[in-house]
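What follows is a short report on a single structure.
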Amino acid sequence: MRRVALLALLAHWRRRPGQLATLLIGIALATALWSAVQAINVEARASYDRAATVLGPDRYETLSDPSGAIALETFIALRRGGWLVSPVLQGRFVSGDIPVQIVGLEMLTAPSGAVPITPASEGEINPLEMISSPGLGFAAPETIALLESSDNLPPLQPNEFVPPSQIVMDIGIAERLLDRQGQMSFLMVLPEQPLKQTALSEISPDLVLNSAEQQADLARLTNSFHLNLTAFGMLSFVVGLFIVHGAIGLAFEQRRGTFRTLRALGLPARDLMLILVIELLVLAMLAGAIGIAIGYAIAGALLPDVAATLDGLYGAQVPGILSFSPAWALAALAFAIFGALVAAGQGLWRVQSMPLLASAQSRAWATVSAVSLRRQAMVGAILIVAGIASIWLFDGLLAGFALLAGLLLGSALLLPAALATVLSIGASTSRNAEGQWFWADTRQQLPGLSLALMALLLALAANIGVSTMVGSFRLTFTGWLDQRLASELYVTVTNAAESDRFETWLNGRVDAVLPIISVDSEIEGITGEIYGVVDHETYRENWPILVSRQGVWDDLATGNSALINEQLAYREDLSVGDPVSLGPGWTLPVAGIYSDYGNPTGQVMVSLELLESRYPDRPRLSFGLRTDEPEALAATLRDEFGPDALRIVDQATIKNFSLRVFERTFTVTTALNVLTLSVAAFAMLTALLTLANLRLPQLAPVWALGMTRKRLMQLELLRSLALAALTFIFAVPVGLALAWSLLAVVNVEAFGWRLPMHVFPTQWLVLLLLALAAALIAAALPARRLARTGPASFLKVFAVER
Amino acid sequence: MLVEAIDIHKSYRAGDGQLSVLNGVSLELGEGETLALTGESGSGKSTLLHLLAALDTPDEGSIILDDKPLIGLDDVRRAEIRRQTIGLVFQQFNLIPALDVDANIAFQAKLAGRHDTTWQKELVGRLGLTELLSRYPEQLSGGQQQRVAIGRALAVRPRVLMVDEPTGNLDEASADAVMGLLLDLVSETNAGLLMVTHSTLLAGRLSRCQHLSGGRLE
């Protein structure tokens, strides 16, 4: 009985292969974008975990000296005092053109979890080979591939536990490579310590014990980025489900007669439901598998840009090659099934509650009463209000994303009622029959099209919101770069000995020399950077100060105050005049706050003299040079000091590099934007194709009363364009609200900086044209079909009802 | 002559073969004349009505409507003739669901560019629709929908009114009332009336009656 019933139900799909394809494509698209985003997230998180396995900041406590490196004597004193610590030297090294991070460990004392030697490889590596010259380095296979032609590194052993762009080696080899003999960046505190130890304050009061939580946590830092990606994936998933909902809803309605007959012939309602659920599961699994394959391909295409973004924003290293994870595929499949069941929920419920003697005729599938339209609008308004209220109710990113979700979903739910109002006004103000019918009929099509239009609204609003955010960011960032990079040349001297000669040589040859030194310190208890700058008009005229007190630069020059970056001010809730702690026993009042986009950590500026007085051993290695002839000066410097002694970068190169990083950062967002818009266009196409089957009875009388098929086709196209244009008009304020939320709430929570909002009407125009093109393409197929409909098909409408 | 059909043939594809519906039908209808077309189910009455109303084209034969030959006309001209010359009332009324009663009645007249508010007002009054003007088709009973369909067909002041089973959904009393009204209005406008019906009673109220059987008129 069940088999016969199943065959009877499946016959529907044989007769309507197009509908089956729509359903499968809907599920596949929804799954594809969602799973692509998840694949990227999984890959990135795996990289963070790999980074954590090497030096495990969240696994080991560390001891650091806010004034800089830890001296060898301190290390020895600690060991003698009973502290089981292991030294680590970290530094940046450029091999060829490729920058890498060198991590030097003392292999004998480092905790086993920090040394990248797996039990499998243990026997193959000779410990002597690691510590004796030329040494042995461990790096990820992709890093080794990049460094293939390097000749200034020790031999490299592939190790998948080392994050990309990092080389782990013995500390002695690292010291030679980085030219930092006897220095230690920090000390790892081994998990098991003896009970009796000399107090830290007695050995070295300057040392700071960092708990695992206080240290930089890539996973936490990048959380907002992944949340963003997830939000986009979810948006695409919801848009895809709209397609599925439409296709399943229509299929269920068209099979009402079959359902009734099967029930009448003795099939229990429970069995009917079971068959329908099994049918749905099979379809969902099939389409889900296709979606996973598409998702994998999309993730593979997007990953290099994501890697660039994460590197640019957070310095997080993620390989650009995607690996396949069965857990990810299973999760994506489960999500596809879950989505299909959600989309089919309403249809299944209707079948479950359908009386045995229900009408076999398809109800007007796409009808909705004014009451339910009002109810839906009410829910939409409540969601928007709830989203806005979440700013006060929740903290952090949750508030930002709740606001975004409330705005988007609320506006989508409000859309049909808003469109209905506009169309009613159109109908009532139209004087001729064609216009009256056009508006009224368009209003009548709304229920059937509303899901697709809601999907279009979501896609358009997201597009406007994100492009406004990116555009505002780009504009602000470009201006900010001009302010921050005021010097024409930036020179880094490779060692302290050259530094004095360099400064002396420059005397009188440039308009100004602006030495820059920086130290890492515990700023308000969290590691950050302190920069020392000279008092010069370059800073006074250009530095991107957001808020400051009178005479800020004079204050800074006297060493009585500090400037802090916006993210530090936001994180620690600091305002101008508040004291800021720059390390043990060092506090200065805040004289001003400056913008510092793209920097994930807190930063402070003090006068160069003050910083040098506190860190007398810190050499001047970086300089900004003011000159009218940067190219000539760079050439002279290379001649004078040799090509390797100085690293010279001109302002334009840094700006180009920064802008390139910026553009890559948002490539992923743009790609996801386009994909979401494509899915929305497909949703519109499927909705119009679905409606086309129901349209004939509505169009036949109009044709019979004297309107040509050509005119009907033109009006069908015009209807689609009008709806897309109206949806776009509604999407503009929603998109702007979204942009404001991103700039003023999400960005501030995620990065600690707020950007001014700019609007870009030209971009809207392009988007409007895109939306109209999508609507036209979506309407073209059903319209063409209508134009080709012969009189016999129209006449059937009058005859069928006989 | 208002309508002149000569030797009309029409067949449809049915499975592998052709189903011949009309085999050489000829008829005439003059101004102010009323003609009933009767016949069994499937005899081709509606097919003939559709051909005469420029909704479909015959395989053979010619149709002249208000001195204009229909054969060979393109879609635009045929639509114009339907708009300007013919008033159509379908058995299932086929009102436009998106429009209210007022707009439904005015629809064809406005399309034809001949909307006369005074005439429409008079029609509405005589059809008893004054209170229903702002309602939508789904909110009307079958009888009310029927009257709206008649109003729509007459509002354009057609040269020929073609009606398919106008009272099929009405009880006897209502059918009689609607029929009386229809005949009064046709007589006042001097239009020709062609009515497809099963009812011999109704057919008897018209000036002529022709029976269709086996694809031919008797």
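Only this structure's heavy atoms are used, side chains among them; waters, hydrogens and symmetry mates stay out. All chains are named by letter (A, B, ...) in the order of the sequence lines, taking the proteins before the strands, and each is independently numbered beginning at 1.
If you run side chain to side chain contact (heavy atoms under 4.5 Å, CB included) between B:Ile96 and each of A:Asp441, A:Leu699, A:Val702, only A:Val702 comes through.
Listed by chain and number, the residues in a salt bridge (charged side-chain N to carboxylate O under 4.0 Å, His left out) with B:Arg78 amount to none (sequence neighbours excluded). B:Glu31 pairs by the salt bridge (charged side-chain N to carboxylate O under 4.0 Å, His left out) definition with B:Arg159, not counting sequence neighbours.
Classification of B:Asp75 and A:Lys710 as a salt-bridged pair fails, no side-chain N sitting under 4.0 Å from a carboxylate O.
Annotation for B:Pro97 and A:Gln698: closest pair CG-CG, 4.4 Å, computed over non-hydrogen atoms.
Interface remark: B:Leu55 contributes backbone and side-chain atoms alike to the contact with chain A (heavy atom separation under 4.5 Å). For A:Trp439, no part lies near chain B; criterion is any non-hydrogen pair under 4.5 Å.
Your options are B:Arg152, B:Glu80, B:Gln84, and the one with the most heavy-atom pairs under 4.5 Å with chain A is B:Arg152. Top candidate by heavy-atom pairs under 4.5 Å with chain B, chosen from A:Ala700, A:Ala440, A:Ala704, is A:Ala704.
Screening residues 60-91 of chain B for ring-ring contact (aromatic ring centres under 6.0 Å, His included), with sequence neighbours left out, gives A:Phe798-B:Phe90.
Heavy-atom neighbours of B:Leu201 CG from other residues, nucleotides or ligands within 6.0 Å: at or below the threshold of 12. For CD of B:Glu188, the number of neighbouring non-hydrogen atoms (other residues, nucleotides, ligands) closer than 6.0 Å is greater than 12.
The stretch residues 101-122 of chain B places B:Ala103, B:Phe107, B:Gln108, B:Lys110, B:Leu111 near chain A, each with some heavy atom under 4.5 Å from a heavy atom of that chain.
Between the A:Arg711 side chain and the B:Val76 main chain, no donor and acceptor come within less than 3.5 Å of each other.
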